[in-house]
Amino acid sequence: MELTRRMVKYRISELLGEAVQQAQEKGLLHSATTPEIAMERPQLAEHGDYASSLPLKLARGAGTPPLPLAEAIVALIPPAPEVERAWAAPPGFINFSLSPAWLVGQVDAIIGQEEDFGNIDLGGGSRLQIEFVSVNPTGPLHIGHGRGAVLGSTLARVLGASGHRVVTEYYINDAGTQIETFHRSLFARYQQALGRESPVPEDGYVGDYLLDLGRELAQEHGDRFLLLPQEEAMPELGRMGMERMLARIRSDLELLGVTFARWFSEGDLYRDGQYQKAMQLLRQGGFVEEREGALWFASTALGESKDNVLVRSTGAPTYFATDIAYHYNKFVERGFPRVINIWGADHQGHISRMKTAASAMGVDSARLNVIISQMVTLRRGEEIVKISKRSGDIITLREVVDEVGPDVCRFFFLTRSPDAQMDFDLELAKKHSDENPVYYIQYAHTRMCGIVRHAAEKGRELEGGDVRLLSHEAEQALIRKLLLLPEVVELVTVTLEPHHLPRYSLELAAAFHDFYTRCRVVSRDKALTDARLKLVKASQIVLARALTLMGVTAPERM
RNA sequence: GCGCUUGUAGCUCAGCGGAUAGAGCGCAGCCCUGCGGAGGCUGAGGCCGUGGGUUCAAAUCCCGCCAAGCGCGCCA
């Protein structure tokens, strides 16, 4: 089992490594010039399944032209059951093709592994925290937040598949000035609902959702809060309002298939004294300076372009200071060896100073990965829809999800790489929703299930098929695609870019549709039927896994 | 002004050092007396923003320029 879980890619590069070592022993290559042996996937089928350009890189140092060098190395490659043939190709590539017998055997291996297929062990069971969304609970989520949410939840699933113990977390900013602004705005709306003249503050939140929330609270609690002193009433009402905002955020996210292992409250940083400990740590390192009545993080000394305020002259800590405390909590208190944050594009300037702060606390900044999820501009055809929380005309994430559905929404976000800005055209999303690639992929899955159902009706079972009968070109091409899932999991883990997953799913679906049109599964040939049913089953396992990793449903019927 | 990100087919986007640059949509055709046609096949369509450089090899790396987005608060 362990052997089949190892990617062929590494098996082949191992074989090549052995050949290179032999070449060195025979004096064909200098031992000093041993490079890393990377395998590539050639674009053209005639170049095999895997290829290496090693001879091209070694030629100069070896004093031999690349092609003869490639030929010499090929001659030293030990035979292996996985490899059908290894050959040199101009200008100096070494190509490998997989053995059909071995390939076909993988169908049984996949069925044996079931939904464990695709799992790899890059993480070695190490703990990893991934924090995302973390929107202030002062308003509903919009489309841009949805992108971060989908990105984070998919990454969490993939990192879990690659052998990490992943903890997903939402950081709740429930202290600070924006929260006060929220309190004041809500209190005004509450008063208005009770017929009082009370304008929303200049810098307040004017969205309709607060109007509704104010009305809701007024209905439930009457004028109770008007009878209290305002400095008592406002925070209490505010707290209730915020709880409702959070509940709403939570349910919006659930609608998109996004859940969190932990909701971490900013307030806990103060209650547990972690804020103080973090600041103490910075002070000990000599990174804190008092100037103009405020406390500054002296980051210029650490290569930053400017210093940043930690504690205002009013005595109130800045967002930056609490974020430092939060990261102190992640790295020092909870001891996560690695932390991933997904931030919106507007936080991009915050990355380098946060990393600097981590180093100042003695945490290797390489342990902190920050992914920026770029802007999403929402539009209806030509019209650009503003998504500012303060202006009234927000289209919420929930509205978008209701309109296009969670699967389309997730897939749409996942197809783009995180650092590319994107347009979300509602009109287009709706218009093309039934020609959407998601449906193409899901349809492939229902086809697989349909065939298995059909076979069952005819009394055929999945037992006992002989995979050696799978000799058709389309069958082997499909198996090749199936075997790529672990490589994709690896790629997403290394790059932290989930967009390779939808690409792969699309290719897999295409390979299956092609197989379907060219190879009749359920036929009078019972032996072939059984063998092909196995391939269908293996395909279904792999495609379902790919869809699950993306958080997209794998329907049996559509 | 400085920093980060982006510029690839009509549109939305992959590819980010390797052998003839890809997909979906759109467009022009073709394919069912069998497992769901939400499918398959064929075709048209690209000086990979631009000018230099590095390399055996550049859409991919480096530098300049042009264009777009986002940052550069004792906001978060």
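Just so we're on the same page: letters track the sequence lines, and every chain starts at 1. The structure presented is a predicted model; accordingly, all values stated were derived computationally and were not measured.
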Of the candidates B:A76, B:G22, B:C35, the side chain of A:R503 sits closest to B:G22

Sidechain N-carboxylate O distance under 4.0 Å for A:K330, A:E169: no

For B:G37, does either OP1 or OP2 sit under 4.0 Å from a side-chain N or O belonging to A:R447? yes

Length of the line joining A:D307:CG and B:G73:P, which is rounded to integer Å: 13 Å

Ring centroids of A:Y516 and B:G39 base under 5.5 Å with planes under 30°: no

Separation between the C1' atoms of B:C25 and B:G17, rounded to whole Å: 31 Å

Under a 3.5 Å limit for both distances, which nucleotide forms a Watson-Crick or G-U wobble pair with B:C72, could you say? B:G1

Name the nucleic acid region contacted by A:D423, choosing base, sugar-phosphate or nothing; use a 4.0 angstrom heavy-atom cut-off, strictly under. sugar-phosphate

Could you check how far CE of A:M39 sits from C1' of B:G18, rounded to whole Å? 13 Å

What does B:G17 pair with, Watson-Crick or G-U, if both distances are under 3.5 Å? none

In whole Å, I'd like the distance from the OH atom of A:Y205 to the P atom of B:A76. 10 Å

Side-chain N or O of A:Q43 less than 4.0 angstrom from OP1 or OP2 on B:G22? yes

Can you tell me, in whole Å, how much space there is between the P of B:A28 and that of B:G37? 24 Å

Students often get this wrong, so: under 4.0 angstrom with heavy atoms, is A:A510 touching a base, only sugar-phosphate, or nothing? nothing

Give the C-alpha distance, both sets of side-chain angles, the deciding distance and a yes or no for ring-ring contact (aromatic ring centres under 6.0 Å, His included) between A:H350 and A:F320. CA-CA 8 Å; A:H350 189 55; A:F320 182 45; 5.7 Å; yes

With heavy-atom distances below 4.5 Å as the criterion, would you say the side chains of A:F132 and A:L155 are in contact? no

Would you kindly give the OH-to-P distance between A:Y319 and B:A76, to the nearest whole Å? 9 Å

Check the chi torsion on B:C32 and let me know: syn if it falls within 90° of 0, anti if not. syn

Within the 4.0 Å heavy-atom criterion, would you say A:R532 contacts the bases, only the backbone, or no part of the nucleic acid? nothing

Please tell me if the side chains of A:L469 and A:D530 come closer than 4.5 Å, counting only heavy atoms from C-beta onward. no

Sticking with atom C1', work out how far B:C41 lies from B:C32, rounded to a whole angstrom. 14 Å

So, OP1 or OP2 of B:A14: does either fall under 4.0 Å of a side-chain N or O from A:S417? yes

What's the closest nucleotide to the side chain of A:M422 if the choices are B:G24, B:C13, B:C70? B:C13

Over all strands shown, is A:N95 touching base, sugar-phosphate only, or nothing at heavy-atom distances under 4.0 angstrom? base

Set of ring pair (Phe, Tyr, Trp, His ring centres under 6.0 Å) partners for A:Y170, sequence neighbours left out: A:F260, A:W263

Could you check if a side-chain atom of A:I179 sits within less than 4.5 angstrom of a side-chain atom of A:T138, using non-hydrogen atoms only? yes

Does a side-chain N or O from A:H513 land closer than 4.0 Å to OP1 or OP2 of B:C41, or not? no

On a whole-Å scale, what distance lies between the C1' atoms belonging to B:G7 and B:G40? 35 Å

Confirm from the modelled atom types if A:K57 and B:G18 form a donor-acceptor pair under 3.5 Å, side chain to base only. yes

Assign each of A:S305 and A:L44 the nucleotide of RNA chain B bearing its closest heavy atom; nearer the 5' end lies the nucleotide of A:L44

Hey, does the side-chain of A:T415 have a donor or acceptor N/O within less than 3.5 Å of a partner on the base of B:C13? no

Looking at B:G36, I'd like to know if its phosphate oxygens (OP1 or OP2) sit under 4.0 Å from a side-chain N or O belonging to A:Y439. no

Would you check if A:E487 and A:Y504 make a side-chain contact, meaning some heavy-atom pair closer than 4.5 Å? no

For the base of B:G18, is there a side-chain donor-acceptor partner from A:S53 under 3.5 Å away? yes

Hey, does A:M375 reach any base, or is it just sugar-phosphate, or nothing, if we go heavy atoms under 4.0 Å? sugar-phosphate

Which nucleotide wins on minimum distance to the side chain of A:Q348, given the candidates B:A19, B:G3, B:G24? B:G3

If we take the P atom in both B:C4 and B:G64, what is their distance in whole Å? 11 Å

Would you mind telling me which residue lines up with the more 5' stretch of RNA chain B, A:F320 or A:P91, judged by nearest nucleotide? A:P91

Using a 4.0 Å heavy-atom cut-off across all strands, classify A:E266 as base, sugar-phosphate, or nothing. nothing

Mind calculating the distance between CE (A:M448) and C1' (B:G36) to the nearest angstrom? 14 Å

Does A:A420 reach a base, just sugar-phosphate, or nothing at all? Heavy atoms under 4.0 Å. sugar-phosphate

Hey, does A:K458 reach any base, or is it just sugar-phosphate, or nothing, if we go heavy atoms under 4.0 Å? nothing

Using the C1' atoms only, state how far B:C16 lies from B:C31, rounded to an integer number of Å. 39 Å

Whole-Å P distance, B:G46 and B:G22: 15 Å

Compare side-chain N and O positions of A:S523 against OP1 and OP2 of B:G34 and report whether any pair is under 4.0 Å apart. no

Go through B:G24, B:G36, B:A76 for me and flag the one nearest to the A:P437 side chain. B:G24

What is the nucleic acid contact for A:C519, judged by heavy atoms within less than 4.0 Å: base, sugar-phosphate only, or nothing? base

Within this structure, what is the CD-to-C1' distance between A:E457 and B:G36, rounded to whole angstrom? 12 Å

Scan A:L56 against the nucleic acid and name what it touches under 4.0 Å (heavy atoms): base, sugar-phosphate only, or nothing. base

Under-4.0 Å salt bridge between A:R184 and A:D203: yes

Pairing partner of B:G64, by Watson-Crick or G-U wobble and under 3.5 Å for both distances, is B:U50

Give A:E292 one of three labels, base, sugar-phosphate or nothing, depending on what nucleic acid heavy atoms sit under 4.0 Å from its own. base

Base, sugar-phosphate or nothing for A:P66? Non-hydrogen atoms, less than 4.0 Å. nothing

Does B:G26 have a Watson-Crick or wobble mate here (both distances under 3.5 Å), and if so which one? none

Base of B:A14 and ring of A:H499 stacked, centres under 5.5 Å, planes under 30°: no

Over how many whole Å does the gap from A:H350 atom NE2 to B:U5 atom C1' extend? 18 Å

Contact class for A:H347 (heavy atom, under 4.0 Å): base, sugar-phosphate, or nothing? base

Among B:C35, B:G18, B:G69, which nucleotide sits nearest the side chain of A:F93? B:G18

Measure centre to centre between the rings of A:F515 and A:F512, then say whether the value is under 6.0 Å. yes

Considering only atom C1', compute the distance from B:G39 to B:G52 and round it to an integer number of Å. 49 Å

Are the aromatic ring centres of A:Y275 and A:Y270 under 6.0 angstrom apart? yes

Of the listed nucleotides (B:A19, B:C74, B:G69), which one gets closest to any side-chain atom of A:Q421? B:G69

Mate of B:G36 where both pairing distances stay under 3.5 Å, Watson-Crick or G-U: none

Give a yes/no on whether any side-chain N or O of A:Y440 is located under 4.0 angstrom from OP1 or OP2 of B:A23. no

